Undergrad: 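Before I ask anything, let me first share the structure, which is written out below as structure tokens.
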Amino acid sequence: MVTKTCEKDLDNVIDEMVDAVEKSRDEIFNISEDARMEHEQLLRELEVTKEKVQLYIEKGDQLERNVQFSKQRLSEVNKYFDRYSEDQIREVYESTHALQTQLATLRTEEKNLRLKRDELERRLVSLSHTIEKAQGLGAKVSVVLQHLNEDFRKVNDLIIEAQEKEEFGLKIIEAQEEERRKISREIHDGPAQMLANILLRSEIVDRTFRSGYPEEALKEIKSVRKMIRSSLYEVRRIIYDLRPMALDDLGLVPTLRKYLNTTMDYSDVEIEFSVLGQESRLNPKYEVAFFRLTQEAVQNAIKHAEPTLIKVRLEMNNKFLNVTVQDDGKGFDPEQKRDKSFGLIGMKERVEMLDGTLTINSRIGRGTTIHIHVPYE
Ligand SMILES: Nc1ncnc2c1ncn2[C@@H]1O[C@H](COP(=O)(O)OP(=O)(O)OP(=O)(O)O)[C@@H](O)[C@H]1O
Ligand SMILES: [Mg+2]
């Protein structure tokens, strides 16, 4: 429950952050787009202004020449003013003056155009900086987004995994205690009680014999022997449950075969067991691991899936060990987290400790296949 809440909270926080950062990235992109468009427009304006400046310069030069020419005429008129009529003199004056005024206006306009051109150039430089900055910022924000989406979520997964491991550790302690309680109850109810009974019965045998009833005593001994046999069976069963000694004595394959046969006897499920590759003794660490992994997978199938058939396939060679446990039962959603279930988590832990991989293929109504692959040299 705690794990789920944390996971949700952290996921929500990350979602909100991703949202906010995505908005910022979009805003930055808009700013950069606006700046780029303005830049293009200013560039066009600059071109036009430059052309105009050129035109005004040419026009000015032409006017300048006209003014010079007019001034020459004026000085000529001044020099020989008796040769010209009053109207002619005024006309030359006026046209020179008009030309000079025109030239002054043109030069002012040209100057203004130059100022505008310089201003446009300054704004273009500043806009280029803005665009560059916006693009740099956009790239950085994208990196942040990537971190948020990938690394942060990974951190979230790691936290969840760490929490699961912690819970698993606690569960192990609890399970140990539970196991001890179970064993003590089993020994108390089974072999201990039987031994007490045997002791009592042996006293009866003693008394019966002493009282001169040897036939009766023999009968009693037979029944005591039966009790001893069943005590022995019980003790052996308890020991087997604790840790199948056959695992150490005979190895993985015979122990698994025996376990699966007994399981089949006690349940209504058909179990097919096949071994591929060469049957040989393995490092004890791997034998225990593969026994427990198969045991948990088979127990899960029987406990949860209501299958009719379970297929267990073990493959061993000098590179890897594989085990596949396939059932034709109900199936389930492996992604769904379960608070009080530790079997699958324990399997995952065991496989990880051996640098292997565990894959679960399951679909509701279509059965489950658990595949474990562990490197083994
Ligand atoms: N073969 C299967 N078919 C259907 N459901 C399964 C199968 N294996 C596991 N499950 C589902 O996955 C859950 C988790 O399994 P897991 O072994 O982790 O826990 P558990 O068996 O419920 O408890 P335990 O901690 O005792 O193993 C089960 O409760 C069950 O719902
Ligand atoms: Mg289980």
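All figures in this text were calculated on a predicted structure; none of them were measured in a lab. Each ligand, and each atom within it, is numbered from 1 in the order the structure gives.
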Undergrad: With a 4.0 Å cut-off on N to O distance, would you call Arg281 and Glu287 a salt bridge?
TA: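 Looking at Arg281 and Glu287, the cut-off is met.
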Undergrad: Taking everything shown except Phe320 itself, do over 12 heavy atoms lie less than 6.0 Å from its CZ?
TA: yes
Undergrad: Are Glu27 and Lys23 ion-paired here, with the side-chain N under 4.0 Å from a carboxylate O?
TA: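 Result for this pair is no, no salt bridge flagged.
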Undergrad: Starting from the C-alpha separation in whole Å, work towards a yes-or-no answer on side-chain contact (heavy atoms from CB on, under 4.5 Å) for Glu109 and Tyr56.
TA: CA-CA 8 Å; Glu109 276 171 13; Tyr56 272 64; 3.0 Å; yes
Undergrad: Below 2.8 Å, can you find an N, O or S atom of Asn300 next to the Mg ion (ligand 2)?
TA: yes
Undergrad: How would you list, by chain and number, the residues with a heavy atom under 4.0 angstrom from ligand 1?
TA: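 Lining ligand 1 at under 4.0 Å, by heavy atoms, one finds Glu296, Asn300, Ala301, Lys303, His304, Ala305, Asp327, Gly331, Phe332, Arg338, Ser341, Phe342, Gly343, Leu344, Thr368.
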Undergrad: Would the number of heavy atoms belonging to other residues, nucleotides or ligands and lying under 6.0 Å from CD of Glu33 be above 12?
TA: yes
Undergrad: Need the atom name: nearest N/O/S atom of Glu296 to the Mg ion (ligand 2).
TA: OE2
Undergrad: Assess whether atom CD of Glu306 is packed by more than 12 heavy atoms of other residues, nucleotides or ligands within 6.0 Å.
TA: no
Undergrad: Can you tell me if CZ on Arg292 sees more than 12 non-hydrogen neighbours from other groups inside 6.0 Å?
TA: yes
